[in-house]
Amino acid sequence: MTQPSESLAQRLINRKGYRSTLLEKVELAVALDVQRRKVDGQGFQQSKSLERLARLLDQLGQACLEFTAIKPLQQLSDKTRKEYAKLVRSVGKSLKLLMINIDDANTRQGLKIGRRISKMTARLALIAEPGGSGADSSAVDFQLHRMIHLLAALADALLATNFGPAVRLQNYKQLQNAAHAMTSQSDDFTVERLALTRSGSTIATLKAEHAASGNMMAVYKEGQSQKVIEELDGVDQWKRVYPKVAPRVLSHHVEQGDELGSMVIEHLPGQTLESMLLNSQWASAAQLVHTLQRTLRKIWKTSRTQEPAQPEYMQQLRKRMPETRHTHPTLFNTRQTLCGLHRPGFDELIDRVEALEHALRAPFSVLIHGDFNIDNLLYDELTDRIYFIDLHRASYSDYVQDISVLMASIYRLPIMDAAPRAELMALIKQLYWFARRFAKANKDAGFDARLAIALGRSFATSTRFIYDPPFANRLALRANYLLEAISLLKPDKSSKYRLPLEDIFSD
């Protein structure tokens, strides 16, 4: 930086092959090691973290090499070059902290490097201020920003070596504080990722490392700030109306302007309905559905308001059709003519049914989950208690929305053998008759027509998650069938309509 020269540049270029060889050796060693490891076990995650560290170090080396191609470097003033040189030395000093050990030293090193990141970023911003010494140095600024970013990724990788990929500089402090709230040994905790959702959110369990029972302490959720805010609001709504089904929020972190937010909620006992169905636990699933009916009846009675509900199912469907067609471009047909008879295309069906929705409004509103899939229902057999999770879409709306989503999510499970498939259909029919009894008791004459609309929406949008063409086609045919039937229905005859349950839910 202070004395650019061709000979020094050539020395950097000559090290490229050395770096590539070292990286290849690490990748080969990791590939051999993970073959004997349990996937997602501690040894597996440590090996993968070491591989990530090696790749990040290689990228840092490449960033140093690319300084040799920055032609304006020699044109900068001595003062400016010295300021940038201080930053490069800071990067080098941070790298000297990097001594890879398979123990807690990695955490300490990662946190130390992390503390240097903000200082280096602030110093670079000061150099690059308009009118300052960093004028006409955008290429240098870019490379240094890149190196600082890679250092931050290195710090994350060091934390992941001990804690797994769910832990990073950004969330380490909150996890530590959450652990401290539940045990005096705040540094003695472990984190295990449970899932990555379709939206990219991270869900992990937070455990006390020295707890005698080894039980899970809490669940950590991280995702887009807006979704975290919505879930906090959703939990708050459920706590006011029917607190038994919602988890307690232990802590949360959402700051204005941050892309990501996070929350720590209590760990709930039990098993999801999805897990029960996939593992053929039919007796447990039947008990869950029985308890769910009793719970929903109480919730709907407690939260009912006299305001009519207008969930706008077709508007929801229209918004999701581009993604659906991206997965299955030819699944939903355009207008057809068969033997002189015209059959509307799917988009035309959406328009026709949307025009009827206003006349088929639910006569009252209740608090609904809003994303009532089988993986958002937990059941604790020991206490015979139901819990709801992932509450970011909670709102007052049509109870038919939750029932339709749950019925469709059971139907779309990739279980094709005849006997277990029959068990799934039996559960769906139980849910239908329960909801229909509730509708009759509450003088909801348009229940079946709205359920047909809601199921048509759910079947169609579910195809974007289904990559088996024949099965996706079954869902699409059902969506077409239901929406076409409703499009031919006169509003004043809606109370006479009955959902063709046996036709729809028979395979």
Side-chain angles (χ1 to χ4, degrees), residues 1-5 8-9 12 52-53 55-98 106-160 167-177 200 202 222-226 228-229 252-262:
M1 292 294 295
T2 54
Q3 295 178 335
S5 68
L8 183 59
L12 287 170
R52 184 184 173 200
L53 282 167
R55 288 176 177 167
L56 289 167
L57 288 169
D58 180 63
Q59 290 175 45
L60 267 167
Q62 180 63 26
C64 291
L65 175 62
E66 289 174 5
F67 266 107
T68 63
I70 302 177
K71 294 181 180 179
L73 193 59
Q74 293 181 338
Q75 299 170 9
L76 297 174
S77 68
D78 290 342
K79 181 181 177 182
T80 303
R81 284 206 300 269
K82 286 177 181 178
E83 290 296 322
Y84 283 127
K86 289 178 183 178
L87 272 176
V88 174
R89 289 191 194 100
S90 295
V91 173
K93 288 178 181 178
S94 298
L95 287 174
K96 287 180 180 179
L97 293 171
L98 192 63
N106 289 325
T107 301
R108 293 193 296 273
Q109 292 163 13
L111 294 174
K112 283 181 180 179
I113 293 173
R115 284 192 287 269
R116 291 168 176 250
I117 299 298
S118 57
K119 294 179 182 178
M120 286 188 278
T121 303
R123 185 186 294 176
L124 179 58
L126 191 62
I127 299 171
E129 280 183 354
S133 59
D136 300 323
S137 57
S138 57
V140 183
D141 294 338
F142 173 81
Q143 283 300 108
L144 283 168
H145 270 298
R146 179 185 172 194
M147 293 174 77
I148 294 170
H149 175 76
L150 288 169
L151 266 184
L154 270 172
D156 287 342
L158 285 166
L159 293 177
V167 180
R168 303 185 307 283
L169 285 172
Q170 184 179 2
N171 59 30
Y172 177 83
K173 193 66 178 177
Q174 190 196 356
L175 288 165
Q176 188 183 47
N177 291 340
T202 297
E222 180 187 279
Q224 295 176 359
S225 288
Q226 185 57 39
V228 173
I229 292 170
H252 64 273
H253 180 79
V254 183
E255 291 190 2
Q256 190 172 7
D258 284 357
E259 183 180 347
L260 293 177
S262 58

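Just the heavy atoms: all of them, side chains too, but no hydrogens, waters or symmetry mates, feed the values below.
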**OP:** Give, for atom NE2 of H145 and atom OG1 of T121, the distance between the pair rounded to the nearest 0.5 Å.
**Re:** 7.5 Å
Subject >> Residues L144, I127; criterion side chain to side chain contact (heavy atoms under 4.5 Å, CB included); working and verdict >> reply: CA-CA 11 Å; L144 283 168; I127 299 171; over 6 Å; no
Original post:
Which pair of heavy atoms, one from L150 and one from Q59, lies closest together, and at what distance?
Top reply: CD2-OE1, 3.3 Å
Subject >> Verdict with supporting geometry, L95 and L151, side chain to side chain contact (heavy atoms under 4.5 Å, CB included) >> reply: CA-CA 8 Å; L95 287 174; L151 266 184; 4.0 Å; yes
**OP:** Please name the residue in the list L56, L169, I113, T107 that meets the side-chain contact (heavy atoms from CB on, under 4.5 Å) test with L158.
**Re:** I113
**OP:** Please lay out, stage by stage, how E83 and L87 fare under the test side chain to side chain contact (heavy atoms under 4.5 Å, CB included).
**Re:** CA-CA 7 Å; E83 290 296 322; L87 272 176; over 6 Å; no
Original post:
How many angstroms lie between atom NZ of K119 and atom OG of S90, to the nearest 0.5 angstrom?
Top reply: 9.5 Å
Original post:
When rounded to the nearest 0.5 angstrom, what distance separates CE in M147 from CE in M120?
Top reply: 9.5 Å
Original post:
About how many Å separate CD of E66 and CZ of R146, when rounded to the nearest 0.5 Å?
Top reply: 4.5 Å
**OP:** Hey, could you give me the OG/CD distance between S138 and Q143, rounded to the nearest 0.5 Å?
**Re:** 11.0 Å
Subject >> L154 side, atom CG; I148 side, atom CD1 - distance, nearest 0.5 Å >> reply: 13.0 Å
Subject >> Salt-bridge criterion met for D58 and R55 (N-O under 4.0 Å) >> reply: no
